[in-house]
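Beneath this line is the structure, given in structure tokens, with notes to follow.
Small disclaimer: the values here were computed from a predicted structure and weren't measured. Letters go in sequence order (proteins before strands), and every chain restarts at 1.
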Amino acid sequence: MAQNPPYSPAQSETHWQAAWAAAGCFAAPDDPGTQAKSYVLEMFPYPSGDLHMGHVRNYCIGDVFARFARLQGACVLHPMGWDALGLPAENQAILEQVAPQQRTPKNIARMKQQLMRLGLAYDWKREIATYRPEYYRWNQWFFLQLYARDLVYRRQSQVNFCSGCDTVLANEQVNEARVCWRGHPDVVKRSIGEWAFRITAYAEALLAGLDDLTQWPERILAQQRHWLGKSVGAGLRFARAGNDAAAPAQELEVFTTRLETAMGACAVLLAPDDPRHTDWVTPAQSAAVASFVARMQRTERSARLAETAAKEGVFTGSSVLHPFTGAPLPVVLANYVLADYGSGAVMCVPAHDARDHGLAQAMGLPVRQVVAPPAEGDAQDDATLPYSGPGHLMNSGVYDGQRCEEARASMLQAAQAGGFGGPQTTWHLRDWGFSRQRYWGTPIPIVYCDACGTVPLPLEALPLELPDFADLKLTGTGGAPLRQIKAFTDVPCPTCGAAATREVDTMDTFVDSAWYFARYLSPQHREAPVDPAAAAAWLPVDVYVGGPEHAVMHLLYFRFFTRVMRQLGLCQTDEPVRTLITQGMVNAPSYRCPNHGYVAAAPLRAAAAAKTPPSCPRCAQPLQVLVEKMSKSKLNGVDPLALIDRYGADTTRLYTLFAAPPEKDLEWDPNGVEGISRFVNRLWRLIAAQEEALNAAPSTAREAPSPAAREADLRARHLLHSTLQRVGDELLRRHHFNTAIAALMELVNGLYALQMHASNCVMGTKVRREVLQVCAAMLAPLAPHIAESCWAVGGGEKLVAQARWPAVDAQALQAQTLTLAVQVNGKLRAQLQVPADVDAATAGRLARADAGVQRHVGERPILKEIFIPGRLLNLVVAREG
RNA sequence: ACCGGGGUGGCGGAAUCGGUAGACGCUGGGGACUUAAAAUCCCUUGUCCGUAAGGACGUGCGGGUUCAAUUCCCGCCCUCGGUACCA
């Protein structure tokens, strides 16, 4: 046999990528018409400048869906774009004083080049980038539409404020010790004005919509449900004690899910960051309160709320009257109360709430038990306090003896009748504050006029473009950068023409990503964010692939905007995504020296292979090895481009798909890549051998095949079609690409075992072609380049990228016998070859005849036989001893 | 701390509805081919006992349900993601 040329992925992959482009395989029409449609989308990347392995994994997974849907006969839309605004680019601009408007397109060009090398089936004509005014003008358009519908408003909000930088900081820029990224200590929480979307108006709809998302992972639905956090309870109003008509507030409303414990209330609690607390502070207490509030501003919210954290409070000096009894209760600020949940105030019931109990002990508040646990044996009302279980009421006047549920209902009725309370539902979800004091974001189209107040820009004024970078000094200090530019801020009022000033905050980048999926459908459309005809044709997204870190916020905003779009007449769907795939992270070993921090991982991988324990190149100390998410700071990244250069795109794709199923984390293993590369080469040799065999075979031969040839054909087809069935199931239903690839490896191993790679193979040409074509189809979504070579050698028409998924031949699958597992008392004792259609009685007879089975059954009678057709037989006998 | 995941050989993982634990790949060991190397091919590789035949144990830990549990239930441990201004 002639020596075949070794596989050259670089040459072959460039060739097929050009062929796909020439054939226009991946361009999607504006309307799929009568053809079934499939919209496959991956979370768009932040254009940092270089593709990393996390991107590669994300887009390879998406590409499998897109290419497989096309094989299944769908008209596929598979676009790509750039999430280009936001903090990292702004920080880089501060550092280098280079305009993000210049840096960003360069980064995009680089990353696009890198993406192209992977041979991803994108329709690049639909590419979008959020930093372009043609894109972000629609953020402004949405803002104005929501403003007109009272779904956007201004409010006060708590932010991190660093007096050293004189500006607001992102959470990421502050560490746990409240030190800022530049090293200033004492970052505090401060209240500032901001813009917010009224997403809470959609809470009920967003909750109900989850029931329709049957193709979303259950864990994501659970996280969304908990984030929405619907809680049904009651509101109860407490009036100010004493006749102080001049006091700024006359009552406090609390929210409770346990109204039946009201008689056990010993205080009413407010959050330290609740601005209303000043209405209740008396002069005598003002110093104590001020110091408590200041201390809380320096404490992390999570530290304040931790269950194990000490419960602390301070008396405001004022009291309110218990609405049921008229008894005075102190108004107290407590560290664990949330200002933005429910009504922002709660009643303190120490006997039946652990946190309240802790506070009561710390402050010496009275503990009054009002619920007795269900009586057991000798009736006992005493319980270990705090007690939060079920029971009946005590110490509660007319309600004594009622079960909790009864008391809750009757007290609610009494509260309504008395006009001091009623049913109330609260949510964990809060409105979405989207103001940012940053440069690299979408300007908010608002003007403030002394005469007209807050004035939205007219739609014709859009886009409101970001002013030039050259006109300001971006330092990351001193508040909103846009305020520096007089030419931007000082404008005439759109209504009255008088001198006015613009809003200088920009928008959160979550606004960009809340609706980008719609822009791909008509990226040039000028009348609206999306052409409603295109939206009707393509929405919802059929498959959405991205990281689980977006499980809650991004996906909730995404779903919220989809509902808004529907109400604006832009689309006809409430939910944006039918099937959601959340993929795991890409991890790799990182190496850390106790003296010198992280050490570059790449040179140490070779050392690890040589089994020398890794040591620091600078001080020779042994290094700590951890498996962590690939990142620049940990110096453990793998350059995808280097991988493609060395092994080719198909090997890179197959490795990321094979090493773990999509939803799990993937650990980088250089040896694993070698293994995949071996498989690709093995496959290549098989394909090359067929090229020779098919060319050599006289096409006119009509001789009857030998029995050996018939047997080889039969076996090859059995193997081929059972693999086709498995791979189809893995791709279509289970989305487990690693096991699909394993099945293909087994197929190739099996074909080698049938000598298909060898010159003495007797397999017929017709079966050889079938094997090649079916293999090509199965490979096409996973390793699309070598799949084309396989298709071409097998004599397939046009490209496999344009082909259809083959049908399983049920006849080829039929088997004569199967292996039946025989257990005795649940332990495997024999494996019998039996006829495929064996019944329980026959299986029992065969099993009893087996020597191994007999040894374990012995003289004991068989009590029961459990037969699972096609799988196993379990003989149950009396246990010994 | 709270919410949601995850934990299976030396390693990544497989086991689809409670039915043969360890598919496939890597690593290690042995062999073939070769002057040699690379590449390739073949055998082998959970632990323990045993010369072997064979047996016992084994899916983070402790219990439970079942003829049968990686899978279901209860209680823990460790770990990852999110916690509203990173995206």
Side-chain angles (χ1 to χ4, degrees), chain A residues 6 43 45-46 48 83 86-88 91 157 159-160 168-174 194 217-227 229 301-309 340 428-438 508-510 513 547-554 556 582 584-585 587 609 628-629 655 658-661 663-676 678-679 681-682 685 729-730 733-734 736 738-739 741-746 749 752 819-831 852 855 863-866 868 871-877:
Chain A
M43 291 180 184
Y46 184 84
S48 58
D83 186 14
L87 194 61
N91 288 342
S157 176
V159 294
N160 297 309
V168 177
L169 295 180
N171 292 338
E172 195 185 55
Q173 296 171 310
V174 184
E194 69 165 9
E218 201 48 58
R219 61 184 183 277
I220 304 292
L221 296 176
Q223 285 178 81
Q224 292 250 322
R225 204 167 276 127
H226 281 114
W227 190 261
R301 184 185 162 100
S302 56
R304 228 178 73 196
L305 302 179
E307 201 166 285
T308 50
D340 39 27
H428 173 259
L429 178 73
R430 307 202 301 266
D431 280 335
W432 170 14
F434 64 90
S435 285
R436 299 291 182 268
Q437 294 69 45
R438 305 253 152 68
D508 178 7
T509 55
F510 271 131
S513 54
E549 67 274 21
H550 293 299
V552 174
M553 302 181 63
H554 161 64
L556 204 59
T582 50
M585 293 182 307
N587 299 327
E628 298 181 284
K629 182 176 178 173
Y655 176 71
F658 180 68
E663 69 276 10
K664 290 186 77 169
D665 285 357
L666 182 157
E667 193 185 329
W668 175 254
D669 175 10
N671 290 323
V673 186
E674 288 287 347
I676 292 288
R678 273 202 279 278
F679 167 67
N681 281 299
R682 199 165 147 83
R685 288 194 301 276
D729 190 49
E730 299 290 0
R733 188 174 61 84
R734 305 217 310 150
H736 281 189
N738 55 333
T739 49
I741 294 166
L744 286 166
M745 288 172 168
E746 286 181 63
N749 290 346
Y752 267 78
T819 308
L820 186 76
V822 181
Q823 299 178 332
V824 177
N825 282 354
K827 293 201 173 195
L828 183 70
R829 297 304 181 189
Q831 301 197 64
R855 196 165 55 239
L863 305 174
K864 209 166 162 197
E865 289 182 34
I866 289 148
I868 310 295
R871 287 192 165 271
L872 66 69
L873 175 74
N874 186 14
L875 304 178
V876 184
V877 300

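The shortest distance between the side-chain N/O atoms of A:Arg682 and the OP1/OP2 oxygens of B:C41 is below 4.0 Å.
Counting to the nearest Å, the P atom of B:A1 and the NE2 atom of A:His428 are 17 Å from each other. In this entry the distance linking CH2 of A:Trp227 with P of B:G4 reads 13 Å, nearest Å. Here B:C67 presents its P atom at 11 Å from CG of A:Leu863, a figure rounded to the nearest Å. Taking atom CZ on A:Phe679 and atom C1' on B:C41, their separation rounds to 17 Å, with Å as the unit.
The two atoms that bring A:Tyr655 and A:Leu666 nearest to each other are CE2-CD2, 4.3 Å, heavy atoms only. Summarising the geometry of A:Leu87 relative to A:Ala170, their closest heavy-atom pair is CD2-CB, 3.9 Å, with the distance given to 0.1 Å.
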Collect all protein-nucleotide pairs involving nucleotides 44-47 of chain B in which both atoms are nitrogen or oxygen and the distance is under 3.5 Å.
none

Atom pairs, protein N/O to nucleotides 85-87 of chain B N/O, distance under 3.5 Å:
unit_1: B:C85; atom_1: OP2; unit_2: A:Arg436; atom_2: NH2; d: 3.2
unit_1: B:C85; atom_1: O4'; unit_2: A:Arg436; atom_2: NE; d: 3.2
unit_1: B:C85; atom_1: O4'; unit_2: A:Arg436; atom_2: NH2; d: 3.3
unit_1: B:C85; atom_1: O3'; unit_2: A:Asn171; atom_2: N; d: 3.4
unit_1: B:C85; atom_1: O2'; unit_2: A:Asn171; atom_2: N; d: 2.7
unit_1: B:C85; atom_1: O2'; unit_2: A:Asn171; atom_2: OD1; d: 3.3
unit_1: B:C85; atom_1: O2; unit_2: A:Arg438; atom_2: NH1; d: 3.4
unit_1: B:C85; atom_1: O2; unit_2: A:Arg438; atom_2: NH2; d: 3.1
unit_1: B:C85; atom_1: N4; unit_2: A:Ser435; atom_2: O; d: 3.4
unit_1: B:C85; atom_1: N4; unit_2: A:Gln437; atom_2: OE1; d: 3.3
unit_1: B:C86; atom_1: OP2; unit_2: A:Asn171; atom_2: N; d: 3.3
unit_1: B:C86; atom_1: OP2; unit_2: A:Glu172; atom_2: N; d: 2.8
unit_1: B:C86; atom_1: O4'; unit_2: A:Glu172; atom_2: OE1; d: 3.2
unit_1: B:C86; atom_1: O4'; unit_2: A:Glu172; atom_2: OE2; d: 3.3
unit_1: B:A87; atom_1: OP1; unit_2: A:Leu87; atom_2: N; d: 3.0
unit_1: B:A87; atom_1: O5'; unit_2: A:Thr509; atom_2: OG1; d: 3.4
unit_1: B:A87; atom_1: O3'; unit_2: A:Asp83; atom_2: OD2; d: 2.3

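If you check every strand for non-hydrogen atoms under 4.0 Å, A:Arg225 touches nothing. Heavy atoms of A:Lys827 sit under 4.0 angstrom from primed sugar atoms or phosphate atoms, though from no base atom.
Donor-acceptor pairing under 3.5 Å is recorded for the side chains of A:Glu730 and A:Thr739.
A:Tyr46 places none of its side-chain heavy atoms less than 4.5 Å from the side chain of A:Thr509.
Residues satisfying the side chain to side chain donor-acceptor pair (under 3.5 Å) criterion with A:Trp227, sequence neighbours excluded, are absent altogether. For the ring-ring contact (aromatic ring centres under 6.0 Å, His included) test, no residue two or more places apart in sequence or in another chain qualifies with A:Phe679. Residues meeting the side-chain contact (heavy atoms from CB on, under 4.5 Å) test with A:Asp665, sequence neighbours left out: A:Met585, A:Asn587.
Straight-line distance between the P atoms of B:A15 and B:U65: roughly 29 Å, to the nearest whole Å. If you take atom P in B:C43 and the same atom in B:G6, they sit 37 Å apart, rounded to whole Å. Distance check on atom P: B:C72 versus B:A14 gives 16 Å, rounded to whole Å.
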Check: Once each nucleotide of nucleotides 6-25 of chain B is scored for protein heavy atoms under 4.0 Å, what B/S/- sequence comes out, 5' to 3'?
Finding: ------BSSSB--BB--BBS
